[in-house]
Amino acid sequence: MAPVPCAICKTSRALIIRPKNHQKLCKGCFITIFEEEIHHTVTTTKLFSRGDRIAIGASGGKDSTVLASVLKTLNERYNYGLELVLLSIDEGIKGYRDDSLETVKRNAVQYDMPLKIVGYDELYGWTMDQVVEAIGKKGNCTYCGVFRRQALDRGAKMLGIKHVVTGHNADDVAETILMNLLRGDLPRLARSTSIVTGDESSEVRRSKPLKYAYEKEIVLYAHHKKLDYFSTECLYSPEAFRGSARSLIKNLERVRPSAILDVVRSGEDMAKLVPEAVTGISHCKSQKVSLSSADGEEEGAAGCGTNGRSSGGEMADMEKKLQEDEEASSREVEITSKVPNGVNGQRHDRIGAKPESRNGVKREPGKKLTRQTLGTCKTCGYMSSQDICKACMLLEGLNKNRPKMEIEIDVEDEESSTLRRKMEGLALTAA
Amino acid sequence: MESEETLPIVVEFTGGLEMLFSDERKHRLSVPARDSKGDAVTVGWLVDYLCEEIMKDNRKEMFVLDGHVRPGILVLINDADWELEGEASYALQPNDNILFVSTLHGG
């Protein structure tokens, strides 16, 4: 095939086809436009303020390495006035994390950023290797995911930093949206679409500046900029449900590359339709933090090999699904009842068409609001929506050095809101 | 009819794919210039060749699914997205660099 010239500069040879619009670009123009789009995301969402100290959750993988590189470039080019720090979590997985941490150490030198590594062993007294030895491979992602999210918060606090950025990309977000859609979990679907969780008053905010960046372009950016990153699979990742969602996304991308961003946009639109009381995301300032950051229910946290955090097995998934089906129907009523009040006028044509026949049990708003109350864990003092945070609950079980009761494992595999729903479900059944 | 003629090419695997190929990132190969039918070899042919001749790992499905390079694996021909080069039908040239990058692995 004859070389195609770049659609922007018209001179150099095109090497890249952009998934979102099929634009054919040369290497230089691609790198520029990729960076400019991140800059656009950062500025239009007012993600940072001058003087902010930002911790980059760095795993040594492609996403966080590209994030660190791009933020450094933009910080210098546009004089953001940010102080960037790399924050890495050492889960304690020999032959996996110790190698990728070497990459992060090199990145710290390459990007001239300070690096802080916090280990599960120092925070929790357990490495993941020890956890797996105690509980087996199955369900270990739950421990790792819960621990990692809290570890990022703790690491940030140790550094006196109030904002952690992670390398979640458009594919990750689309995958999470699909998973939550398939689980019938609208609250989490809504939360997973927002670029930032928490606000000025939060102890630690989380954001994903690469939210609109295709994984494919991230990899190409890393390739063409010759970035030093590490890629391997977590030795323990079982990955079931997330893996299926991921394959679905990748298959869709092959047929219709724009599908990934389309799913992200659809997720955002759906999020707007979910009432505040359900999502825990407040549009006013009274809400401190959306639950996602505290409860560890965000999409795959940066650094996990497969972004995987599959729950305990297909039976558990199915069981959960059945319970959530019931839940979803009651929520649906709430949604339809809200819309006529003009919560989201521009979409009300779609909603209006919804059948009103599902007149399920209507929940009192008060019940739902309890779901959002964010406090601190009585044991460790970190953010939690429950008296005892999930990390401490898991640790308690580990420290007792015995397998947890089955029902507990089940509950832990899921998210705390699900726990509450389950309990509500039980209460309903009992009544 | 296979000819004696061979093509020197470089095949690279990154993004985690190297683990399927003896943990070697860069493979300098000398491949037959013609396939069994006597046609010039293509990237599509190369993918099969790599599976049969080079891959020691038995997890072939991590590289090829349903007769195609697995979705999520990028193929670059001399640094250009293979979609710009006719994908699997691209006819290999001497000293081509074919890079397979997985986007599927985390860090």
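Naming convention: chains lettered A, B, ... in sequence-line order (proteins, then strands); numbering from 1 in each chain.
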Is the backbone N or O of Gly38(B) less than 3.5 Å from a side-chain atom of Asp35(B), with the two atoms forming a donor-acceptor pair by type? yes
Report which part of Leu99(B) has an atom under 4.5 Å of a heavy atom belonging to chain A: side chain, backbone, both, or neither. side chain
Heavy-atom contact with chain A under 4.5 Å, split by part of Leu76(B): side chain
N-O pairing of Asp81(B) and Lys24(A) below 4.0 Å: no
Pairwise side-chain contact, Ile31(A) with Lys225(A), heavy-atom cut-off 4.5 Å (strictly under): yes
Nearest 0.5 Å, what's the CZ-OH distance between Phe34(A) and Tyr221(A)? 7.0 Å
Heavy-atom contact with chain B under 4.5 Å, split by part of Ile16(A):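 Backbone only.
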